[in-house]
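A, B, ... follow the sequence lines: proteins, then strands. Residue 1 opens every chain.
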Protein chains: 4
Amino acid sequence: MSQNKPSATLLVSCPDNKGLVAAIANFLMTYNANIMHADQHQDESENLFLMRIQWELEGFTLPMESFEAAFAPIATLHNMKWHTSLSTQKPKMAIFVSKYEHCLVDLLHRWRIGELGCDIPLVISNHEDCRRIVEFNGIPFHVVPVTKENKAEAEAEQWRLLQEAGTDFIVLARYMQVLSEKFVERYPDRVINIHHSFLPAFDGAKPYHRAFARGVKLIGATSHYVTQELDEGPIIEQEVTRISHRDNVEDLVQKGRDLEKVVLSRAVRWHIDNRVLSYSNKTVVFD
Amino acid sequence: MSQNKPSATLLVSCPDNKGLVAAIANFLMTYNANIMHADQHQDESENLFLMRIQWELEGFTLPMESFEAAFAPIATLHNMKWHTSLSTQKPKMAIFVSKYEHCLVDLLHRWRIGELGCDIPLVISNHEDCRRIVEFNGIPFHVVPVTKENKAEAEAEQWRLLQEAGTDFIVLARYMQVLSEKFVERYPDRVINIHHSFLPAFDGAKPYHRAFARGVKLIGATSHYVTQELDEGPIIEQEVTRISHRDNVEDLVQKGRDLEKVVLSRAVRWHIDNRVLSYSNKTVVFD
Amino acid sequence: MSQNKPSATLLVSCPDNKGLVAAIANFLMTYNANIMHADQHQDESENLFLMRIQWELEGFTLPMESFEAAFAPIATLHNMKWHTSLSTQKPKMAIFVSKYEHCLVDLLHRWRIGELGCDIPLVISNHEDCRRIVEFNGIPFHVVPVTKENKAEAEAEQWRLLQEAGTDFIVLARYMQVLSEKFVERYPDRVINIHHSFLPAFDGAKPYHRAFARGVKLIGATSHYVTQELDEGPIIEQEVTRISHRDNVEDLVQKGRDLEKVVLSRAVRWHIDNRVLSYSNKTVVFD
Amino acid sequence: MSQNKPSATLLVSCPDNKGLVAAIANFLMTYNANIMHADQHQDESENLFLMRIQWELEGFTLPMESFEAAFAPIATLHNMKWHTSLSTQKPKMAIFVSKYEHCLVDLLHRWRIGELGCDIPLVISNHEDCRRIVEFNGIPFHVVPVTKENKAEAEAEQWRLLQEAGTDFIVLARYMQVLSEKFVERYPDRVINIHHSFLPAFDGAKPYHRAFARGVKLIGATSHYVTQELDEGPIIEQEVTRISHRDNVEDLVQKGRDLEKVVLSRAVRWHIDNRVLSYSNKTVVFD
């Protein structure tokens with residue numbers, strides 16, 4: 001998984017066809033690429049080919065600024081959707097948070113000790129609560145209050161801050177506001193949310209209370225890309241933990257926090273490592 | 001868990017009150033009971049007291065046939081729902097099955113090697129398929145075909161067979177017919193079903209197909225008592241396993257079989273060991 | 001699990017005998033105790049009786065300062081080892097840490113949001129590294145350098161600091177020094193360590209490297225009470241996570257951090273809640 | 001995972017080098033292969049390249065009987081260890097068992113319902129116990145008693161039976177005899193064992209008793225290839241389950257059976273699907 005040498009990663013999806021692996025491998029070989037890792041998947045039900053291939057930049061004779069031009073003919077021929085990323089170029093992650101700080105604190109700590117290969121130019125909240133811990137980490141903290149009335153203006157202000165910071169993707173670390181369709185459209189597959197249930201069970205409000213009322217024996221957490229439909233986006237990761245009749249709602253909330261932290265941080269790491277491809281409201285996570 | 005000495009088990013639920021533990025412990029001490037295990041639970045939200053207490057029959061000076069009369073005053077005073085069971089008296093379990101044999105085979109094997117402290121007087125199916133393996137285990141196999149038209153007669157015949165065999169409880173080992181309300185009412189908390197999803201997600205038909213379509217990262221199985229509402233009864237046990245984009249629907253079905261076997265067999269064992277108390281559509285499973 | 005009302009908890013272990021549950025329940029009833037939770041266990045192989053019983057302080061007519069005198073006759077009669085704790089009296093936890101901060105940060109965060117019902121009067125380290133995050137949490141941070149030469153003096157200084165702070169128990173949050181037998185003897189079952197392997201596998205040094213070399217498919221973490229024998233003390237909690245051939249040693253270390261945090265924090269919470277009884281180098285954890 | 005179309009699978013390991021993916025992909029493309037799945041791995045610490053590639057036989061213009069000759073130049077050039085398998089050619093699996101039948105019964109059932117794509121020409125045991133269930137499945141059952149005295153002759157007889165049946169690999173389904181080095185040498189990476197502990201913990205005899213004595217909170221099972229060193233071979237799969245102070249040794253044995261069945265059957269399935277590559281006493285399991 002972790003790769004220390006400078007590397008490039010190519011993510012590709014296209015209609016399945018013969019010779020795709022060879023075509024891509026040959027293209028890279030032409031420029032003397034040393035392939036560190038390659039993984040592919042066919043979705044038979046969709047006749048879709050998906051591939052992730054990672055190679056060392058050292059010794060690669062094609063300058064990455066020329067990659068698009070050089071790869072375009074193959075991409076066009078096979079009708080590929082594709083993009084590349086460089087291990088040397090950290091994506092910029094913005095974090096949205098409300099009052100619950102556990103996911104935020106967890107992400108900031110992972111970032112501080114080098115678990116997350118990204119920059120965090122800013123944290124946006126609709127409350128003051130998390131300012132101290134964010135600024136302790138040397139990250140600008142912006143409060144943008146949100147009400148029914150000012151939602152449009154608030155999102156405009158958030159948008160301005162995100163643009164200013166050159167944000168690549170957004171993590172909703174228990175952010176308790178629903179983003180507008182208009183806002184979400186601007187970040188396709190680039191807004192990661194954590195929902196505190198095992199989706200599709202208990203989507204929407206108060207999942208722990210409903211899990212308690214239903215008497216389930218396991219509770220879960222789900223990280224997914226945000227789409228127009230609330231809690232309906234492509235699932236990136238899920239995890240569960242056991243509960244018993246001894247656990248009341250507070251216990252579920254406490255046990256759930258551990259799930260939320262682990263599940264969200266995995267999804268964020270995989271997104272940063274360019275391992276996640278989404279299609280027909282599902283994800284492929286290349287490991 | 002396993003207790004080899006002959007023992008009696010008392011399951012109690014009643015409105016919570018002071019002195020309940022002492023009252024029950026004193027009653028048993030009066031008759032020189034050697035308590036092997038006692039466990040209790042309070043549900044604050046329901047102000048309910050629930051207890052399971054198990055003691056050795058050896059040295060217990062109250063004949064069990066007189067237990068009811070002797071315990072009645074305490075039970076009445078505290079408005080208890082209660083029942084007892086004896087490790088020396090194996091409950092009679094009937095198994096319903098259709099064509100999928102994995103849960104049936106698993107239960108029969110566990111029974112054969114002594115994992116399940118019950119008798120199995122009969123297996124009822126709406127198909128011939130499982131006859132050979134059932135009869136290999138020396139258990140009578142009855143085929144009762146079920147159609148929309150003959151459902152009432154079929155259930156009458158099933159009922160007759162169950163009565164004849166002195167059935168205490170029923171296990172639906174992937175039995176693909178829905179039992180009528182009338183039938184279910186006859187076995188309150190005594191019909192155990194296995195549903196091949198992590199309820200409440202994907203209740204109803206084709207859960208594996210729907211899990212695949214939704215792109216979940218874990219699939220589950222749920223064992224519950226059957227009530228009037230399909231897949232809505234009190235959950236006894238649940239378990240999940242990880243899947244990935246590499247798994248197609250067939251893979252989910254195959255991985256799911258292992259979940260179904262383990263989850264159903266646990267629920268059955270706990271029911272046999274008199275560990276399960278159900279209330280307000282939930283269960284307490286005393287471990 | 002979580003209990004908000006002021007309560008007292010009694011932990012008892014003694015030779016198994018008839019009437020123990022009744023004796024304790026009656027004693028409490030005499031003083032009008034409202035029992036919130038009672039759990040007991042018999043270890044047949046050791047003929048040992050163990051019990052945890054928790055009751056509300058409100059309405060309990062025996063002042064807790066008189067509890068010992070009042071309970072002594074029963075305790076003596078049955079040769080009990082016992083102690084009580086009050087939910088209103090937070091134990092004082094000292095944390096030892098070296099350079100790895102993940103367990104420390106995790107514990108401090110859980111403490112800050114109220115997951116851990118203890119006070120943290122001080123953190124002791126043999127390095128400066130963690131000062132900032134500790135002081136951010138408003139907790140005194142003491143550096144006591146340890147070398148082969150000064151070990152005795154260092155422990156004397158640590159001991160002085162712990163005494164001064166009225167420490168009840170110690171958590172070794174990846175503290176990389178071995179405590180002397182003399183030091184450990186002072187805190188029987190009151191020093192909690194986290195070891196980064198699934199004990200007894202890979203005890204001692206560099207467990208992740210050895211797990212990688214052996215090619216195991218799961219890695220683990222273990223929290224235990226510290227005894228004279230390194231990594232041989234009574235195990236409080238363990239957890240594992242899956243790894244694959246794709247994971248190198250760094251990946252194991254990263255995945256392991258999540259295990260260490262969860263396992264250590266559970267052990268600490270259970271210890272604080274007075275749920276852990278240790279005997280013959282094992283623990284009973286009452287849930 | 002499951003692939004229904006007739007396919008060929010190539011497993012390769014060789015010193016890592018540039019152009020290996022392209023070389024293999026091009027070779028297959030030359031013969032119009034439709035690649036269904038390709039996965040590769042580099043072990044940096046060993047500078048090793050490992051690949052599994054699977055393609056449809058339909059439309060593949062190179063007759064498989066000519067594959068070796070055609071592929072040899074590439075294999076030689078890159079110093080490859082390699083072999084192919086065909087989904088149309090079921091490997092022959094022999095099962096060794098003693099008295100515990102749970103793993104045997106589980107494997108036979110999975111085989112009967114089509115989970116395992118192999119033939120089972122025979123079962124060999126040192127006891128009569130399992131004859132009935134084996135013959136119920138229509139499989140020849142051979143008893144070869146083993147004693148200290150006759151071990152050599154017994155293994156000679158086993159060897160004769162295995163040869164006669166054209167056995168490809170052997171599964172030790174809780175076979176309680178240690179195979180001689182001479183015997184093992186004949187089946188490198190082709191004898192799969194199940195050990196009832198989380199190796200390397202509790203290798204050797206009575207692991208459940210030792211796990212109970214140590215007071216671990218999880219027990220495990222491990223499936224591995226058999227080598228000269230007892231319980232030291234390359235690990236294919238491991239799994240664990242939670243236990244508590246309430247579980248006595250019998251409970252561990254019962255819970256362990258479920259682990260043993262699942263872990264062994266996974267290892268067997270992966271071996272049959274040609275997913276397992278072993279090197280330096282580890283395995284890569286391509287998923």
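Among the candidates B:Glu232, B:Glu237, B:Lys217, B:Arg210, the residue making the largest number of heavy-atom pairs closer than 4.5 Å to chain A is B:Lys217. Contact count versus chain A (heavy atoms, under 4.5 Å) is highest, among B:Ile236, B:Leu218, B:Asn281, for B:Leu218. The most heavy-atom pairs under 4.5 Å with chain B, out of A:Val249, A:Val240, A:Thr283, A:Leu199, come from A:Thr283. Between chain B and the residues A:Ala201, A:Ser45, A:Gly220, the most heavy-atom pairs under 4.5 angstrom are made by A:Ala201. Top candidate by heavy-atom pairs under 4.5 Å with chain A, chosen from B:Asp203, B:Val216, B:Asp43, is B:Val216.
Neither the backbone nor the side chain of B:Leu50 comes within less than 4.5 Å of any heavy atom of chain A. Only the side chain of A:Arg242 comes within contact range of chain B, with heavy atoms under 4.5 Å apart. For a residue to count as touching a neighbouring chain, one of its non-hydrogen atoms must lie under 4.5 Å from one of that chain's; by this rule A:Glu239 touches chain B with backbone and side chain alike. Heavy-atom distances place no part of A:Glu46 under 4.5 Å from chain B, backbone and side chain included. In this structure, chain B has no heavy atom under 4.5 Å from any part of A:Ala211. Using a 4.5 Å cut-off between heavy atoms, B:Val285 contacts chain A through both its backbone and its side chain.
Side-chain contact of A:Thr222 with A:His224: a donor-acceptor pair under 3.5 Å is absent, judged by distance alone. No side-chain donor from either of B:Tyr175 and B:Asn193 sits under 3.5 Å from a side-chain acceptor of the other. Defined by atom type and a distance below 3.5 Å, a donor-acceptor pair is missing between the side-chain atoms of B:Asp189 and B:His271.
Taking the charged nitrogens against the carboxylate oxygens, B:Lys255 and B:Asp247 do have a contact shorter than 4.0 Å, which makes a salt bridge. Contact check on A:Asp39 versus B:Arg246 returns a salt bridge, with a Lys/Arg side-chain nitrogen under 4.0 Å from an Asp/Glu carboxylate oxygen.
Counting only heavy atoms from C-beta outward, the side chains of A:Thr9 and A:Arg52 approach each other to under 4.5 Å.
No cation-pi contact links B:Lys206 to B:Phe212, judged by a cut-off of 6.0 Å to the six-membered ring centre and 45° from its axis.
No more than 12 heavy-atom neighbours from other residues, nucleotides or ligands sit within 6.0 angstrom of OH on A:Tyr100.
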